[in-house]
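Chain identifiers are assigned alphabetically (A, B, ...) following the order of the sequence lines, protein sequences preceding nucleic acid strands; residue numbering begins at 1 within each chain.
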Amino acid sequence: MRVPERPTLEGLESKWSAVWDRDGTYSFDRSAPRERVFSIDTPPPTVSGSLHVGHVFSYTHTDAVARYHRMQGREVFYPMGWDDNGLPTERRVQNHFGVRCDPSVPYDPTFEPPAEPSEKEPVAISRPNFVELCLRLTESDERAFEALWRTLGLSVDWTLTYTTIGPRAQRISQRSFLGLLARGAAYQLEAPTLWDVDFQTAVAQAELEDRERPGAMHQVRFSAKGGGDAVIETTRPELIPACVALLAHPDDERHAALVGGEALTPLFGTTVPVLSHPLVERDKGTGLVMVCTFGDLTDVTWWRELSLPVRPVLAPDGRLAEVPWGSPGWESADLERARASYGELSGRSINQARRRIVELLEESGDLLGEPQPVNRAVKFYEKGDRPIEIITSRQWFIRTIEHKQELIEAGRKLRWHPPYMRARYEDWVNGLTGDWCVSRQRFFGVPFPIWYPLDAEGNAIYANPIGAAADELPVDPSTDVPDGYAPEQRGQPGGFTADPDVMDTWATSSLTPQIAGQAGEDQALFEKVFPMDVRPQAHDIIRTWLFTTVLRSQLDEGELPWANAAISGWVLDPDRKKMSKSKGNVVTPMHLLEEHGADAVRYWAASGRPGTDTAFDSKQMKVGRKLAVKLLNASKFALADLPPQAEELAHPLDRAMIGRLATLVADAEESFEDYDYARALQRTEEVFWWYCDNYLELVKGRRYDAAPEIYGPVSRALRISLSVFQRLLAPFLPFVSEEVWSWWQQGSVHRAAWPLAAELRAAAVVGGQSELEELALEVTAEVLAEVRKAKSQAQRPMRAPVARLLVRDTQERLQALALGAGDLRQAGSIERLETEHAEEPSVEVELGEQG
RNA sequence: GGGCGCGUAGCUCAGUGGGAGAGCGCUCGCUUCACACGCGAGAGGUCGCAGGUUCGAAACCCGCCGCGCCCA
């Protein structure tokens with residue numbers, strides 16, 4: 001036993017993380033049988049941001065659970081992943097190196113980025129070169145992240161680390177995609193697609209968010225073919241040239257005469273049908289709306305259900321495209337005017353075109369009244385700056401809609417923590433309106449392992465995609481060549497061309513269980529860890545990460561990817577707002593850990609219940625630090641120069657205390673099994689402070705007694721109880737727990753066995769009078785509190801002698817008190833203890849003379 | 001508009017049918033032989049509002065109000 005003179009928390013992080021690394025304390029032993037494995041589908045943090053307090057918060061939750069299961073004797077599969085795939089990295093690389101990805105540029109193995117990067121005139125480089133730069137940049141980020149996680153004390157096995165852009169992730173993503181394609185679960189289609197005009201890529205429904213934006217409602221006059229006006233209201237007059245129909249509600253009598261007829265668009269003279277549809281909102285505006293291809297998602301619905309033609313005007317860059325007026329589909333009652341009007345709009349951005357067409361409509365008299373300002377929700381790509389448009393393009397989709405019911409059932413089989421989070425998943429699945437668009441017109445992602453043959457004219461034959469051979473994965477079709485073709489045939493008539501797109505970042509991260517478990521690469525390992533025990537994640541990505549992982553697992557494995565979903569909340573500013581970027585950057589996690597210590601920060605994090613948003617609170621970290629210091633000092637008191645222990649417990653108070661521990665252990669265990677680490681911590685902490693303030697004070701006399709029959713049993717009680725507290729606190733305060741454990745035990749506390757409630761219970765009832773002894777502990781502590789109160793009110797020190805203490809109470813409680821009387825007298829410096837039977841308990845304290 | 005969550009002491013929160021609680025903060029006191037990064041004590045609440053179920057409601061049901069998140 002080696003107990004330091006002045007124990008301290010300083011330096012414990014670096015000391016113990018080095019030891020854990022050296023000893024492989026958290027190594028996953030793959031020889032363990034499947035039923036003993038506990039596997040975690042760790043969320044891979046995006047390396048292109050910075051880690052913030054929210055990460056520290058939620059990763060601590062998972063770590064506490066992981067440590068608990070490890071102490072239960074399970075082999076914990078706890079990998080870390082880095083999400084370096086996707087747009088955020090791409091943007092950083094462009095700015096950092098002054099480059100731009102152009103998939104048509106050939107790979108240059110000797111390429112070096114410009115010495116003086118220019119954001120204005122970036123160098124065009126091949127996709128493989130671009131990916132190399134992404135990897136170069138993310139590598140240093142990943143080292144910094146790992147250092148933070150080690151300081152925080154995450155018990156991950158660092159040999160299992162993966163990245164979402166690494167070869168393994170690419171191989172598994174491409175293999176999965178080719179499988180989906182072969183089974184018809186993935187398909188390609190030219191269709192209206194959600195489109196970001198700045199990034200110039202398709203995006204998925206799950207990546208949209210609503211933002212309130214000011215707009216204006218314009219009343220615009222169309223002329224009915226049979227004579228008279230048809231007045232519509234729109235916030236997007238620039239789409240009048242893309243108008244394909246006018247619609248009224250079927251029950252709207254105001255427009256009944258128009259329905260079934262035709263109307264002419266203003267300025268362009270295009271003939272459009274007037275139809276009816278129940279989705280039209282009668283009480284909005286005039287009750288008459290125009291359908292354009294495409295102004296919003298409702299337009300797509302109307303277009304599809306009413307089999308309307310396409311009259312696209314928006315180019316992928318968000319400007320109005322050239323339009324062939326006079327050709328089929330672009331007929332006009334007044335071609336000259338249509339061409340002249342459109343000439344004013346062509347080439348302009350959406351906003352410019354809107355301003356110009358309003359002027360034109362005013363001049364022609366077709367704009368009625370002043371545009372009315374309105375605030376409305378506009379859909380944005382969550383990373384974008386301009387509203388989403390809908391543009392027809394060729395994209396890859398994964399079938400989703402037809403699996404809705406199956407997905408809902410899967411969600412019901414999953415155990416959610418907390419349970420109400422399932423509703424978010426189910427709402428999302430129920431609200432899905434289309435299959436999952438997985439192709440992105442970006443560069444730093446996993447490419448589709450697909451080429452297309454070119455016909456004699458050099459046109460791609462999309463109906464006959466050429467998939468990469470399984471043993472050649474991963475491929476980059478922009479530089480690799482499909483089987484049966486020569487490199488020179490790229491782009492040549494009769495040759496081949498690459499699919500230019502990459503997969504949606506979620507299309508890769510939806511496979512994290514397979515990537516971490518190495519599906520198809522190390523199948524024996526995969527079968528050991530899949531389906532995983534738990535997916536920990538935050539609630540904001542239930543509709544994306546959680547949903548898509550369930551979908552992919554259903555499609556590829558035919559089962560749920562995990563048994564449990566542990567959903568964490570967010571960290572909020574003290575003013576209850578979502579933690580802002582600026583604030584999160586000021587309070588960097590490393591600074592927090594340095595200021596308060598890792599155990600203290602973990603304590604704060606672990607007190608946030610599953611699923612519950614928690615306010616950032618440095619006061620809680622100070623409380624955590626106090627707890628860690630208390631564990632140091634209580635351990636020092638109990639263990640330093642601890643006399644030899646007896647074989648058995650002998651004192652009623654000792655046995656009763658051990659009985660309380662038995663209850664605590666069972667309680668903490670039950671909470672942990674239900675992923676409620678916060679409750680486990682709260683209970684443990686509560687009992688630990690009670691133990692320090694009452695039990696330790698009561699037994700001091702016996703602990704220092706000279707007689708072996710006195711100190712032997714109490715020495716045993718102290719060993720048992722300290723050992724239990726050190727282990728119960730280990731999942732939360734891994735550093736200080738390991739420190740105090742090392743004073744007197746072999747091996748790591750984090751590989752020690754979780755205490756057995758039944759064993760403690762058995763030790764506690766040896767005397768056979770456990771109920772009376774429990775009462776003894778309770779009554780003794782209560783009377784001691786009365787003594788302290790009297791001293792406190794008399795403003796005397798706690799060691800001030802009590803000349804006489806009179807306790808009045810029931811027979812039973814007095815009988816119990818007799819069992820603790822010796823300890824009470826010593827702890828309260830009580831010279832004379834008298835008792836008297838009474839129905840109403842009371843205590844009289846006569847303090848000794850002062851001085 | 002729909003769904004979910006929340007509303008308990010100044011603050012952060014625990015408490016799912018029978019005593020209104022913890023920590024922090026505040027006030028007062030104590031060099032106490034593990035710990036002044038400590039110890040002891042005290043003050044502080046019509047449990048959002050209104051109704052209902054019940055012998056009994058902070059808890060269960062209904063409605064309303066307020067806050068937050070997700071979705072439309």
Which residues pass the ring pair (Phe, Tyr, Trp, His ring centres under 6.0 Å) test with [X], sequence neighbours left out?
| X | answer |
| --- | --- |
| A:H403 | none |
| A:W743 | none |
| A:W416 | A:Y425 |
| A:Y603 | none |

Open item on the list: Is it the case that B:C35 (base atoms only) and A:K630 (side chain only) share a donor and an acceptor within less than 3.5 Å, ignoring hydrogens and angles?
Closed with: yes

Report the distance from atom [atom1] of [X] to atom [atom2] of [N], rounded to the nearest whole Å.
| X | N | atom1 | atom2 | result |
| --- | --- | --- | --- | --- |
| A:E685 | B:C13 | CD | P | 15 Å |
| A:W570 | B:C6 | CH2 | P | 17 Å |
| A:E382 | B:C70 | CD | C1' | 13 Å |
| A:K626 | B:C39 | NZ | C1' | 11 Å |
| A:W689 | B:C35 | CH2 | P | 14 Å |
| A:Q795 | B:U31 | CD | C1' | 16 Å |
| A:D540 | B:G68 | CG | P | 17 Å |
| A:H417 | B:G5 | NE2 | C1' | 18 Å |

With sequence neighbours excluded, residues passing side-chain contact (heavy atoms from CB on, under 4.5 Å) with [X]:
| X | value |
| --- | --- |
| A:N633 | A:P7, A:V629 |
| A:R213 | A:R211, A:R376, A:V378, A:F380 |
| A:F637 | A:L696, A:K700, A:R703, A:Y704 |
| A:E207 | A:V203, A:A204, A:Y381, A:E382, A:R440, A:D504, A:W506 |

How far does the [atom1] atom of [N] sit from the matching atom of [M], given to the nearest Å?
| N | M | atom1 | value |
| --- | --- | --- | --- |
| B:G17 | B:C64 | C1' | 25 Å |
| B:C55 | B:C70 | C1' | 43 Å |
| B:G45 | B:G63 | C1' | 26 Å |
| B:U46 | B:A20 | P | 14 Å |
| B:G23 | B:A43 | P | 14 Å |
| B:C47 | B:G21 | C1' | 11 Å |
| B:G68 | B:C28 | P | 39 Å |
| B:U8 | B:A22 | C1' | 12 Å |

Of the listed nucleotides ([options]), which one gets closest to any side-chain atom of [X]?
| X | options | result |
| --- | --- | --- |
| A:P797 | B:C33, B:C30, B:C24 | B:C30 |
| A:W428 | B:C30, B:C71, B:C24 | B:C71 |
| A:R625 | B:C37, B:G29, B:C35 | B:C37 |
| A:K619 | B:A36, B:C24, B:A34 | B:C24 |
| A:A615 | B:C70, B:A34, B:U12 | B:U12 |

Task: Nearest-0.5 Å distance, CG of residue A:L681 to CG of residue A:L729 - done: 7.5 Å

Counter-base of [N], judged by Watson-Crick or G-U geometry with both distances under 3.5 Å:
| N | result |
| --- | --- |
| B:G56 | none |
| B:C39 | B:G29 |
| B:A20 | none |
| B:C69 | B:G3 |
| B:A34 | none |
| B:U46 | none |

- [ ] Measure from the ring center of A:F616 to the ring center of A:W604 and say whether it is less than 6.0 Å.
- [x] yes

Kindly give the atom pairs (protein nitrogen or oxygen, nucleotide nitrogen or oxygen) under 3.5 Å for nucleotides 41-44 of chain B.
{"from": "B:A41", "atom 1": "O4'", "to": "A:S792", "atom 2": "OG", "distance (Å)": "3.2"}
{"from": "B:G42", "atom 1": "OP1", "to": "A:K789", "atom 2": "NZ", "distance (Å)": "3.4"}

TODO: For A:K700, answer base if it contacts any base atom (sugar-phosphate contacts may also be present), sugar-phosphate if it contacts only those atoms, and nothing otherwise; contact means non-hydrogen atoms under 4.0 Å.
DONE: base

TODO: Identify whether any heavy atom of A:V629 sits under 4.0 Å from a base atom; if not, whether one sits that close to sugar-phosphate; answer base, sugar-phosphate or nothing.
DONE: base

Can you list, pair by pair, the side-chain donor-acceptor contacts under 3.5 Å of residues 620-627 of chain A, counting residues two or more places apart and other chains?
{"from": "A:R625", "atom 1": "NH1", "to": "A:H596", "atom 2": "O", "distance (Å)": "2.9"}
{"from": "A:R625", "atom 1": "NH2", "to": "A:E10", "atom 2": "OE2", "distance (Å)": "2.8"}

TODO: Check for a donor-acceptor pair, side chain of A:W741 on one end and backbone N or O of A:Q726 on the other, with a separation under 3.5 Å.
DONE: no

- [ ] Taking the side chain as every heavy atom from C-beta outward, state whether A:F547 and A:L432 have any pair of such atoms under 4.5 Å apart.
- [x] yes

- [ ] Could you tell me whether the side chain of A:D296 reaches within less than 4.5 Å of the side chain of A:R236, counting heavy atoms only?
- [x] no

Open item on the list: Here's a test for you: under side chain to side chain donor-acceptor pair (under 3.5 Å), which of A:R609, A:H61, A:Q682 qualifies with A:Y677?
Closed with: A:H61

Would you tabulate the pairs of protein nitrogen or oxygen atoms and nucleotide nitrogen or oxygen atoms of nucleotides 2-4 of chain B closer than 3.5 angstrom?
{"from": "B:G3", "atom 1": "O2'", "to": "A:D427", "atom 2": "OD2", "distance (Å)": "3.0"}

Polar atoms only, N or O, under 3.5 Å: list the protein pairs with nucleotides 14-21 of chain B and their distances.
{"from": "B:A14", "atom 1": "O2'", "to": "A:Q682", "atom 2": "OE1", "distance (Å)": "3.2"}
{"from": "B:A14", "atom 1": "O2'", "to": "A:Q682", "atom 2": "NE2", "distance (Å)": "3.0"}

Task: Of A:D210 and A:E697, the one whose closest RNA chain B nucleotide lies more 5' - done: A:E697

- [ ] With RNA chain B as reference, determine whether A:S607 or A:K636 sits nearer its 5' end, using the nearest nucleotide of each.
- [x] A:S607

